[in-house]
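Here the structure comes first, spelled out in structure tokens, and everything after it is commentary.
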2 protein chains.
Amino acid sequence: MIKHNHTECRSAMMPVRDALDVISGKWKLQIIISIQSGNKRFREIERSIPKITSKVLAKELKDLEEHQLIKRTVYDESPVLVEYTPMPYAETLQDVIIALQKWGLNHRKKILGK
Amino acid sequence: MIKHNHTECRSAMMPVRDALDVISGKWKLQIIISIQSGNKRFREIERSIPKITSKVLAKELKDLEEHQLIKRTVYDESPVLVEYTPMPYAETLQDVIIALQKWGLNHRKKILGK
DNA sequence: AATAGCAGTTACCTAAAGGTAACCAGTAAA
DNA sequence: TTTACTGGTTACCTTTAGGTAACTGCTATT
């Protein structure tokens, strides 16, 4: 083999796979960003994310809760009050989010600049 | 730190959306990693990515070419020789890839550590 | 002559993601 | 009393992603 290394390639690819298994899809990172920005209530989060629907949001919130990225708290007032808050683990995604933000900004500039 | 600001939330979310429009999905980053590792030929790339199929690979390679992340070169020998190589623009994804790798590694440790 | 590799394409199908709209119970404001 | 808000759920449907397997023309190997 000249220069490319099969093993090295695998060990670069696998962790990306593992990460994408958790945070892939159109909505998960957007929801985390919304909650990290201070949105707590279901409708509040829903309104903060263009085009998302109740059904999709409900499902994705469950996924994120299962992965311990957010916490769902029910305050038993009447009517019931529900709050979604970020777990500390969600902060570990900052580098990913920032890298994607930077790349997205740059990409938009590139596209519009043509 | 965390402010409850609608505008701020949007401007954090939109670039992530833009980025995901280009590099979302199970395969695109894996393909870029494979090509950046030195794999050039169709079958070579295919073999380097577990579980990918010819059909999916062909489609994703077209997408990546359209977004100018990779280049397809046909050498008109006989039989035809085709090479895929990374464009300089693909290098701008390094931060994203590295962030995802780190997070994926850490996440796997977290899951197995329980 | 048969087999295998190359770079894909095609047809067919399933599974997952996502959209649309209606609906629930409870509360509060108009 | 009607309207609207809350946090979702349900049923139904479409779209997209992705898998399976066969097949192409061409060449090189066995």
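Residue numbers begin at 1 in each chain, while the letters A, B, ... track the order of the sequences.
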> A:T53 side chain: which of C:dG19, C:dC6, D:dG18 is closest?
Replying inline: C:dG19
> What is the distance from CZ of B:R17 to P of C:dG18, rounded to the nearest Å?
Replying inline: 12 Å
> Counting side-chain heavy atoms from C-beta on, which of C:dG19, D:dG7, D:dT6 comes nearest to A:R47?
Replying inline: D:dT6
> So, A:Q36 and A:E91: side-chain donor and acceptor under 3.5 Å apart, yes or no?
Replying inline: no
> Roughly how many Å is it from CD in B:E77 to P in C:dA7, rounded to a whole number?
Replying inline: 11 Å
> Once you round it to whole Å, what is the distance between C1' of C:dA7 and NZ of B:K40?
Replying inline: 17 Å
> Could one point to a donor on the side chain of B:K59 or the base of D:dG18 with an acceptor on the other under 3.5 Å away?
Replying inline: no
>> Show the nearest heavy-atom pair for residues A:W27 and A:E60, with the distance to one decimal.
In response: CB-OE1, 3.5 Å
>> Measure CZ/B:R72 against P/C:dG8 and give the value in whole Å, please.
In response: 4 Å
> Rounded to the nearest Å, what distance is computed from the CD atom of residue A:E44 to the P atom of nucleotide D:dG8?
Replying inline: 13 Å
> Considering only side-chain heavy atoms of A:K55, which listed nucleotide, C:dT20, D:dG7, D:dC26, is closest?
Replying inline: C:dT20
>> Need one value for A:K26: base, sugar-phosphate or nothing, where a base atom within 4.0 Å counts as base even if backbone is also close, heavy atoms only.
In response: sugar-phosphate
> Starting at CZ of B:F42 and ending at C1' of D:dG25, how long is that distance when rounded to a whole Å?
Replying inline: 16 Å
> Nearest nucleotide by nearest heavy atom, which residue falls closer to the 5' end of DNA chain C, A:W27 or B:Y84?
Replying inline: B:Y84
> Just how far, in rounded Å, is C1' of D:dA17 from CG of A:L20?
Replying inline: 15 Å
> Are A:K28 and A:D63 within salt-bridge range, i.e. N to O under 4.0 Å?
Replying inline: yes
> Closest to the B:R41 side chain: D:dG18, D:dG7, C:dC6?
Replying inline: C:dC6
>> What's the closest nucleotide to the side chain of A:A58 if the choices are C:dC6, C:dA7, D:dT9?
In response: D:dT9
> Of all the choices, D:dT9, C:dG18, C:dG8, which nucleotide is nearest to the side chain of A:K62 once you look at every atom?
Replying inline: D:dT9
> What integer distance in Å separates B:L57:CG from D:dG19:C1'?
Replying inline: 14 Å
>> Return whichever of B:E60 or A:E46 has its heavy-atom-nearest nucleotide of DNA chain D closer to the 5' end.
In response: A:E46
>> Is the terminal nitrogen or CZ of A:K110 (NZ for Lys, CZ for Arg) located under 6.0 angstrom from the six-membered ring centre of B:Y89 and within 45° of that ring's axis?
In response: yes
>> Side chain of A:S54 only, heavy atoms from C-beta on: which candidate in D:dT9, C:dA7, D:dG7 is closest?
In response: D:dT9
>> Return whichever of A:S78 or A:R43 has its heavy-atom-nearest nucleotide of DNA chain C closer to the 5' end.
In response: A:R43
>> Check B:K62 with B:E65, please: is the shortest side-chain N to carboxylate O separation under 4.0 Å?
In response: no
